[in-house]
Amino acid sequence: MAQRFQLAHRLSKLPPYLFAEIDRLKREAIRRGMDIINLGVGDPDLPTPPHIVKRMQEASADARNHPYPSYEGMLSFRQAVADWYGKRFGVTLDPETEVLSLIGSKEGIGHIPLAFVDPGDVVLVPDPGYPVYQAGTIFAEGVPHYMPLTRERAFLPELRAIPSDVLKKAKMLFLNYPNNPTAAVAPRAFFDEAVAFAREHRLILCHDAAYSEIAFDGYLPDSLLGVEGAEEVAIEYHSLSKTYNMTGWRIGFAVGSREILAGLGRIKTNLDSGVFQAVQEAAIAALSGSQDCVEAMCAIYKERRDALVDGLSAIGFVVDRPKASFYVWIGVPQGHTSASFASALLSEIGIVMTPGTGFGRHGEGYIRAALTVDVSRIKEAVERIAASSLKP
Ligand SMILES: *Cc1c(COP(=O)(O)O)cnc(C)c1O
């Protein structure tokens, strides 16, 4: 079909959509009546805990919650975030100036470059990484500089390897631990190094902690804001999405440097009108209520993780047992690329996983499995792989 309108250049600067082939194969497999096991999507299969749903039902019936909310969030919501931060991380936040509500953390991640990045400014983004760091940068006419995350370096970027001419133009640094897609975690020493690096090079440090509450084996992820001086150069993103199975509700928050949050807030006052107050009320119930639901969820993910990691290791895959997140980052067998292996898994045995290259060039050699299906289906996926020609 001839196009009447020319798309803006910024859209053509985005990398090509790498999942188009997987989407096509998936439709094809479904058409053939294949039983698909979908380990592709980073969206929890578990429901939002009932006490949160109940609070939402009450709050949505209250007419006081029906007008436009404030863009920065109700003070009671920001107070609940500050209380949760204090309890969970031992970090003190001023709810008036150091907490900002977001319509999901993706919104705040995508918008922050608009506040601070001028055309040609460099933004340091992890590769592989959550695609929004790069997309937000490109929409602000910034230039992404990709920091490789490799297994040899435990999927932590080598900050000292960033060339000095790049650093001179750099304005912002994105980090994400526990990490999507590699499931890696960051030791406290790395956060110390990152904050020192951001201070030395006048970088805005944006840490995405969306998976901080999904952790196993007694490991408890730190807040980057626990590092002394971080509150001057850094913000941290959180989300109710993964912690309370609330991806569809659209609520997250950013905390930390009041100067950085004020910049992001300037963009938001001009573009959005905040989060439905009933959703904020439900989020208060989530953050301030019992956290037993989070513990129960982690136990479920742990069982799934072990089924997948044990099963794949037993048949010869290179796969680390993640301490956190609901992903497993799997080395593809020799003779395969990420894309060829993902395609073969789907078309031959009906298993969807995400090729590592969908998250950046350095994702080559890996595929990502999301632990968002029942453990019985995960075991079946392993059995299908074991019985196929796709094992290493
Ligand atoms: C899922 C996810 C988020 C959360 O997105 P929301 O917009 O809050 O639903 C943020 N960062 C990463 C890396 C994620 O995987």
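We count ligands from 1, going down the list as the structure has it; atoms in each ligand are counted the same way. When a residue number appears, it is its place in the shown sequence, counting from 1. Hydrogens, waters and symmetry mates play no part in the numbers below; they use all other heavy atoms, side chains included.
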* To do: Sort out for me which residue in N38, T247, N245, T372 forms a side-chain contact (heavy atoms from CB on, under 4.5 Å) with D43.
  => T247

* **For atom 1 (C) of ligand 1, the option (of R250, M246, K242) bearing the nearest heavy atom** => K242

* Structure fact -> Among P131, G110, S239, the residue with a heavy atom nearest to atom 8 (O) of ligand 1 is S239

When you measure from [atom] to every protein heavy atom, which one gives the shortest distance, and what is it?
atom                    : value
atom 15 (O) of ligand 1 : Y211 OH, 2.7 Å
atom 9 (O) of ligand 1  : S241 OG, 2.6 Å
atom 13 (C) of ligand 1 : D208 OD2, 3.3 Å
atom 4 (C) of ligand 1  : S105 OG, 3.2 Å

Which label fits [X] and [Y]: parallel for a plane angle under 30°, tilted from 30 to 60°, or perpendicular past 60°?
X    : Y    : value
F276 : H66  : tilted
Y130 : Y133 : perpendicular
H238 : F89  : tilted
H207 : Y177 : parallel

* To do: Would you kindly specify which portion of L102 sits under 4.0 Å from ligand 1, judged on non-hydrogen atoms: side chain, backbone, both or neither?
  => neither

* N or O contact, N180 vs ligand 1, cut-off under 3.5 Å -> yes

* Asked: Do any N/O atoms on Y133 end up under 3.5 angstrom from N/O atoms on ligand 1?
  -> no

* Asked: Looking at Y327 versus Y211, is the centre-to-centre ring distance below 6.0 Å?
  -> yes

* To do: Mind running side-chain hydrogen bond (donor to acceptor under 3.5 Å, both in side chains) on S101 and Q280 for me, showing each step along the way?
  => CA-CA 9 Å; S101 73; Q280 295 187 56; 5.0 Å; no

* Sub-4.0 Å atoms of ligand 1 with respect to non-hydrogen atoms of G104 -> 7 (O), 8 (O)

